[in-house]
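Report on one structure; see the data block that follows.
What you see is a predicted model, and the numbers here were worked out from it, not measured in a lab.
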Amino acid sequence: MFKNYRSVVALLLFFAGMLNYLDRAALSVMAPLVKKDLHIDDAQMGILFSCFFIGYCLFCFLGGWAADRFGPRRVFGWAAAVWSLFCGATALAGNFTHLLIMRVLFGIGEGPMGTTTNKSISNWFPRKETGRAVGFTNAGQPLGAAVAAPIVGLVGLHFGWRLSFVAIALLGFVWLGFWLWLFRDKPEDHPRVSDAERHLIKAHRPATRIAEAGTRPAGIWRYVFSLPVLGVAAAFFCFNYIQFFFLSWLPSYLTDYQHLDIKSMSLIGILPWLGATAGFIGGGLISDAIYRRTGNFLLSRKLVIFAGLAVAGVSVMFTAWTDNIIFAMALITLASVFAYMTPQACWSLLQDIVPAERIGTAGGFVHLLANLAGILSPAITGFLIQFGGGYSSAFLLASALALTGIAMLALFVRQQSVTRLRALA
């Protein structure tokens, strides 16, 4: 019997995010070797980065719907098996077309991750802890990207890029075993959860007002297409554009533009992702602290998103105008710290807007819209590098979108519109 079994759940979700982004970042780290081996140019590499999100975006939504219907344990289990399988199968690719197919199938497996994580947190954590829970569990994602640079880079240098994908896939299957052993959909279903913890979680879950009132929420599409939900999706999209720009093209920026070798890139490339990890955790702590001080859940989340996107946008803008590697990495790391304060605030905000019975599906829809940035950002960046204004124009576009996200959140997510949405119950 555990006094705080939800900490075990948080660790499982933390390592899931870490493996997810380790898998996802592997191709960007190995891009110089893969391009040379398979004769792929920058525009094609941008398409490869983007095609991952074709399957990913669709299964963001379907995964969220499935988590509502079948539970996060089963959905996450199948997702982890699929993404690990096709990550390993990437090692078999012999040309651009093979890689394209593998990336789409790999994206299908990873699609349910974000919304199923959010559903798990909604089931397992009381409302006052959601900011910290989302921040901590999602902090594994940039940490995975951070360790991808040295682990994947050094394995690729010594044993070839193909073996690095196989090694990561095996780690995914190990995590899957722990998930099926230790996780249950709700604390009420788990024999290791104490009565005191079970009561605490059940009495203070996010968005439990409807279930407690004995009524059913309005149809899901009334929530999905509401202004507050679309506003959260817009802010999330603008954050994701920056995230996937860095995740896909930062290693190439360091090798092609800053002229670092792969070993140096693998070490220096850790810095922005360590900053992002600090941003994830810090953003959750700050938003919960503001909530405790003000009692205003909406304000506490919006302030963190505003500050995060504003500082990230300005930092990215100045990166476009420097050739100095020290200044560039300092600005990119600063942008990562503040940008990564925003996603957990978006997830927490969504949990307060949408009732628990609809959070998986609504979260999946938000994740679908937000991850359209994953299709656009790498491909647009690749074409800008090869045919447009180079890396400088790519940084300026990312900066403009960060500021756009602030405007969209301020316009659509207002107390009056959120109150009207809650009244649908």
What pair of heavy atoms forms the shortest contact from S248 to S28, and how long is it? O-CB, 3.3 Å

Do the side chain of S399 and the main chain of G313 share a donor and acceptor less than 3.5 angstrom apart? yes

Less than 4.5 Å apart, side chain to side chain, heavy atoms only: is that true for Q141 and N20? no

Quick one: are F96 and L38 in side-chain contact, heavy atoms under 4.5 Å? no

I'd like to know whether Y340 forms a ring pair (Phe, Tyr, Trp, His ring centres under 6.0 Å) with F239, so could you lay out the CA-CA distance, the side-chain angles of the two residues, the decisive distance to 0.1 Å, and finally the verdict. CA-CA 8 Å; Y340 276 81; F239 156 75; 5.0 Å; yes

Do the side chain of R301 and the main chain of C346 share a donor and acceptor less than 3.5 angstrom apart? no

Donor-acceptor contact below 3.5 Å, side chain S50 vs main chain A379: yes

May I ask you to decide if A330's main-chain N or O and T333's side chain share a donor-acceptor pair within less than 3.5 Å? no

Classify the angle between the aromatic ring planes of Y5 and H190 as parallel (below 30°), tilted (30 to 60°) or perpendicular (above 60°). tilted

Is the count of non-hydrogen atoms from other residues, nucleotides or ligands lying under 6.0 Å from R184 atom CZ greater than 12? yes

Do Y257 and I385 touch side chain to side chain, with heavy atoms closer than 4.5 Å? no

Check the surroundings of atom CZ in F173: do more than 12 heavy atoms from other residues, nucleotides or ligands lie under 6.0 Å from it? yes

Quick one: does F86's side chain get under 4.5 Å of R103's, heavy atoms only? no

So, the side chain of N371 versus the backbone of G374: is there a donor-acceptor pair under 3.5 Å, distance only? no

Tell me whether the count of non-hydrogen atoms from other residues, nucleotides or ligands lying under 6.0 Å of CH2 in W179 goes above 12. yes

Specify the closest pair of heavy atoms between A345 and V304, including all atoms of both residues, with the distance to one decimal. CB-CG1, 4.2 Å

Distance-minimising heavy-atom pair for A79 and P112: CB-CG, 4.0 Å

Within the distance-only criterion (no hydrogens, no angle test), does the side chain of K119 pair as donor or acceptor with the backbone N or O of A66 below 3.5 angstrom? no

Can you tell me how far the OG atom of S122 sits from the CG atom of L350, to the nearest 0.5 Å? 9.5 Å

Considering only heavy atoms from C-beta outward, does the side chain of I121 approach that of L13 to under 4.5 Å? yes

Could you go through D261 and S264, starting from their C-alpha distance and side-chain angles, then the distance that decides it, and tell me whether this counts as side chain to side chain donor-acceptor pair (under 3.5 Å)? CA-CA 5 Å; D261 57 34; S264 299; 2.8 Å; yes

Hey, mind stepping through R74 and D185 against salt bridge (charged side-chain N to carboxylate O under 4.0 Å, His left out) and telling me if it holds? CA-CA 9 Å; R74 188 183 304 180; D185 287 331; over 6 Å; no

Examine distances only and state if a side-chain atom of W161 and a backbone atom of A91 form a donor-acceptor pair shorter than 3.5 Å. no

With side-chain contact (heavy atoms from CB on, under 4.5 Å) as the criterion, how do V82 and F106 come out once you've worked through the C-alpha distance, each side chain's angles and the decisive distance to 0.1 Å? CA-CA 7 Å; V82 171; F106 176 44; over 6 Å; no

Please state whether the rings of W175 and W83 are parallel, tilted or perpendicular, taking 30° and 60° as the class boundaries. parallel

Got a salt bridge between K35 and D41, using NZ or NE/NH1/NH2 to carboxylate O under 4.0 Å? no

Got a donor-acceptor contact below 3.5 angstrom from the T116 side chain to the M113 backbone? no

Determine whether L33 and D37 satisfy the following criterion, side-chain contact (heavy atoms from CB on, under 4.5 Å), listing intermediate values before the conclusion. CA-CA 6 Å; L33 298 181; D37 187 25; over 6 Å; no

Closest approach of M341 to G279 (non-hydrogen atoms, all atoms of both residues): CG-O, 3.4 Å

Are more than 12 heavy atoms from other residues, nucleotides or ligands located less than 6.0 Å from atom CZ of F178? no

Closest heavy-atom pair, V75 versus G63, reported as atoms and distance to 0.1 Å, is CG1-O, 4.0 Å

Kindly determine whether T381 and L384 satisfy side-chain contact (heavy atoms from CB on, under 4.5 Å), including the steps that lead there. CA-CA 5 Å; T381 301; L384 285 174; 5.5 Å; no

As a quick check of understanding, evaluate side-chain contact (heavy atoms from CB on, under 4.5 Å) for L409 and F236, giving each step before the final call. CA-CA 9 Å; L409 190 73; F236 212 148; over 6 Å; no

Side chain to side chain, D288 and S300, heavy atoms closer than 4.5 Å: no

If we ignore hydrogens and angles and just use 3.5 Å, is the side chain of N240 paired with the main-chain N or O of A373 as donor and acceptor? no

From K186, R6, R192, residue fulfilling salt bridge (charged side-chain N to carboxylate O under 4.0 Å, His left out) relative to E197: R6

Looking at V166 and G88, what are the two nearest heavy atoms and their distance? CG2-O, 4.1 Å

Just wondering, do Y21 and L247 contact through their side chains at under 4.5 Å, heavy atoms? yes

Given side chains that start at C-beta, do those of F246 and Y253 come closer than 4.5 Å, heavy atoms only? no

Out of F244, W249, F245, which one pairs with F49 under the side chain to side chain contact (heavy atoms under 4.5 Å, CB included) rule? W249

Using atom types as modelled and distance alone, determine if a side-chain donor or acceptor of T342 lies under 3.5 Å from a backbone N or O of A339. yes

